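See structure below.
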Amino acid sequence: MADLYGYIDQNMPRFREELDHFLRIPSVSAKSEHVPDMKRTAEWLAERMRDAGLDTTIEPTKGHPIILGEYRGAGDDAPTVLVYGHYDVQPPEPLDEWTSPPFEPQVRDGRIYARGSIDDKGQLYVHVKAIEAHMKTNGSLPVNLIVLAEGEEEVGSENLMPFIEANKDRLACDYVVISDTGMVAEGVPTIGTSLRGLAYLEVHVRGPRTDLHSGSYGGAVLNPATALARIIATLHDDDWHITVPGFYDDVDPMEDYRRKLKDVPFDHEGFRKDTGAEEVGETGFDSAERLWIRPTAEVNGLLSGYTGEGAKTVLPARAMAKISFRLVPDQDPDRIAELVTNHIHEVAPQGVVVEVKNLHGGNPWRATLGSELYEAAERAMGAAWGQDVVYAGEGGSIPIVPEFERVLDAPVLLMGLGEPGANTHAPDEWMSVDAFEKGTHASARLWEELAKK
Ligand code: BES
Ligand code: ZN
């Protein structure tokens with residue numbers, strides 16, 4: 001066998017230049033002004049997947065395109081692996097909080113700073129380069145491979161759900177491998193064991209016909225901002241339990257898992273340093289439990305009244321909040337959206353009109369551990385990092401993961417490459433050069449390990 005790992009090391013400077021190019025395209029899925037950038041990113045990535053040796057097509061959707069690359073050369077006896085990732089990124093704002101511009105990648109202290117570096121362009125590109133390494137050194141791959149890259153993960157994967165249903169024969173596989181999660185500590189290879197689900201709502205509160213003079217009318221007309229603040233304040237009690245009736249009905253207490261969590265190293269000091277905040281949350285649970293096995297209610301955005309320079313005495317006509325709920329097994333996003341909507345209408349004060357919109361949702365997920373997929377990953381990742389793999393939960397969501405298991409009936413492996421404090425969705429997002437390099441080695445080795453069985 002030609003020197004697979006030598007090829008990766010020798011070509012790493014080029015891989016990094018290509019990643020920089022990938023990171024320079026502002027593929028922000030949430031904003032319509034970036035539709036041409038999304039198309040450009042999809043075309044660029046499809047070309048790189050072709051260079052790597054995959055038969056690649058761009059599949060149009062009602063939203064941003066899906067890219068599908070296939071290698072079927074390993075034959076019927078070899079397993080088929082589906083690698084999933086996303087080429088869309090979160091909006092980069094607030095821009096003035098970035099040390100270097102979000103779409104001009106810069107390396108500082110061994111970290112590649114750019115929007116999308118860790119979420120998820122860098123993590124996805126690791127797999128594309130590992131495939132290239134096999135194809136260029138051996139002319140083949142030891143497993144059949146499908147690479148599925150979508151452009152709508154950050155906005156709820158709405159068009160990917162029907163796509164996998166409609167293409168389930170083409171996407172049939174034995175394993176799904178995803179790098180879009182984190183690591184427990186810098187340089188510690190980590191397999192993710194759970195993801196939270198999500199229910200995302202928008203609450204609109206309308207009061208007077210137009211903004212009013214707050215002296216001429218204030219006190220005699222209910223202020224929509226005050227009404228919204230009161231509504232939001234009813235979501236938690238003093239112990240930071242969520243007070244929406246029925247909210248916890250389907251929550252699995254996961255007592256077994258909770259006991260195992262006690263063995264997972266959770267870096268409390270690092271957590272406080274990375275966040276610049278105290279550890280505060282639901283009474284009776286520690287931070288690891290609050291993040292991995294407990295649901296949340298979170299205000300993601302608030303809008304009302306005058307927020308410009310100086311003072312303006314105004315009684316705003318409207319207020320709006322974006323509120324999302326992270327969910328755990330066995331909560332159902334639609335059911336939670338319904339419970340919350342009912343609760344909000346119940347507590348809304350008289351004098352305003354309240355409308356609740358259900359934007360999108362996703363199911364929670366828990367890994368079924370112990371299969372040969374995880375054994376192979378332990379060997380591949382263990383070799384790349386030179387130390388044992390750690391298993392850990394995840395607080396974030398990847399809505400398509402439970403759907404892969406349901407529709408394709410294949411187990412999912414989360415090989416996360418995001419180190420704590422990587423500023424996902426925030427200014428100064430980064431991926432470490434080390435994780436990019438070791439991730440590429442681990443991916444290349446994983447295909448070998450999976451072929452051995
Ligand atoms: N890569 C993240 C998911 C993630 C974040 C996993 C942190 C583990 C830890 C992904 O790109 C993401 O941000 N997902 C969204 C999903 C939502 C838009 C439905 C999320 O979690 O907010
Ligand atoms: Zn994300």
Side-chain angles (χ1 to χ4, degrees), residues 23 27-31 63-64 84-92 102 114-126 149-161 177-185 190-202 266 271 274-275 287-288 290-293 295-301 322-328 331 333-334 336-337 358-367 391-404 412-427 429-431 435 439:
L23 293 171
S27 50
V28 180
S29 51
K31 292 197 187 156
H64 303 301
Y84 161 83
H86 61 96
Y87 66 86
D88 64 324
V89 303
Q90 288 276 331
R115 169 58 86 233
S117 53
I118 197 63
D119 188 11
D120 176 43
K121 288 172 171 174
Q123 298 206 57
L124 168 60
Y125 210 56
V126 151
E150 72 155 318
E152 300 187 306
E153 196 275 344
E154 300 292 6
V155 289
S157 300
E158 218 178 305
N159 292 300
L160 184 60
M161 306 269 183
V177 174
I178 301 175
S179 292
D180 190 24
T181 51
M183 297 163 75
V184 286
T190 307
I191 292 178
T193 56
S194 62
L195 291 163
R196 289 195 285 192
L198 194 73
Y200 203 116
L201 306 179
E202 218 174 70
F266 190 90
F271 181 88
D274 291 340
T275 58
S287 290
R290 288 168 184 162
L291 291 169
W292 300 340
I293 64 166
T296 68
E298 223 54 76
V299 177
N300 299 119
K322 292 181 186 273
I323 306 179
S324 65
F325 298 80
R326 293 284 167 178
L327 310 179
V328 299
Q331 289 176 298
D334 288 332
I336 292 298
N358 182 359
L359 294 195
H360 62 72
N363 283 306
W365 173 81
R366 206 174 338 173
Y391 286 85
E394 285 288 0
S397 311
I398 308 176
I400 204 65
V401 166
E403 301 308 306
F404 278 139
V412 175
L413 165 75
L414 298 182
M415 175 177 121
L417 302 173
E419 282 155 311
N423 295 328
T424 317
H425 295 196
E429 175 182 347
W430 55 270
M431 178 178 200

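Please read these numbers as outputs of a predicted model, since none were measured by experiment. Just follow the structure's listing: the first ligand is 1, and inside any ligand the first atom is 1.
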Exercise. Of all the heavy atoms in L198, does at least one lie under 4.0 Å from an atom in ligand 1?
Worked result: yes
Problem set entry | H425 NE2 and E154 OE2 subtending at the Zn ion (ligand 2) (10° steps) | 110°
For this session: Classify the contact between R326 and ligand 1 as side chain, backbone, both or neither, using a heavy-atom distance cut-off of under 4.0 Å.
Result: side chain
Seminar exercise, completed: Closest heavy-atom approach to atom 19 (C) of ligand 1 among A422, P399, G418 is made by P399
For this session: Specify whether H360 and Y200 have parallel, tilted or perpendicular ring planes, treating 30° as the upper limit for parallel and 60° as the lower limit for perpendicular.
Result: tilted
Exercise. In this structure, which one of V177, V412, I178 forms a side chain to side chain contact (heavy atoms under 4.5 Å, CB included) with Y84?
Worked result: I178
For this session: Could you pull out, from H425, Q123, E153, E152, the option with a heavy atom nearest to atom 11 (O) of ligand 1?
Result: E153
Seminar exercise, completed: In ligand 1, the atoms that come under 4.0 Å of a heavy atom of E154 are 11 (O), 12 (C), 13 (O), 18 (C)
Exercise. Taking non-hydrogen atoms only, is D180 closer than 4.0 angstrom to ligand 1 via side chain, backbone, both or neither?
Worked result: both
For this session: Would you kindly say whether S397 and R326 are connected by a side-chain donor-acceptor distance under 3.5 Å?
Result: yes
Exercise. Is the distance from the Zn ion (ligand 2) to the nearest N/O/S atom of H86 under 2.8 Å?
Worked result: no
Exercise. If you measure every N/O of Q90 against every N/O of ligand 1, is any gap under 3.5 Å?
Worked result: no
For this session: Would you mind listing which atoms of ligand 1 come within a distance below 4.0 Å of any non-hydrogen atom of H86?
Result: 11 (O)
Exercise. Knowing that exactly one of R115, E154, E429 qualifies, which makes a side chain to side chain donor-acceptor pair (under 3.5 Å) with Q90?
Worked result: E154
For this session: Go through the side-chain N and O atoms of H64 and N159 and say whether any donor and acceptor fall under 3.5 Å apart.
Result: no
For this session: Consider every N or O of E394 and every N or O of ligand 1, then say whether any pair is closer than 3.5 Å.
Result: no
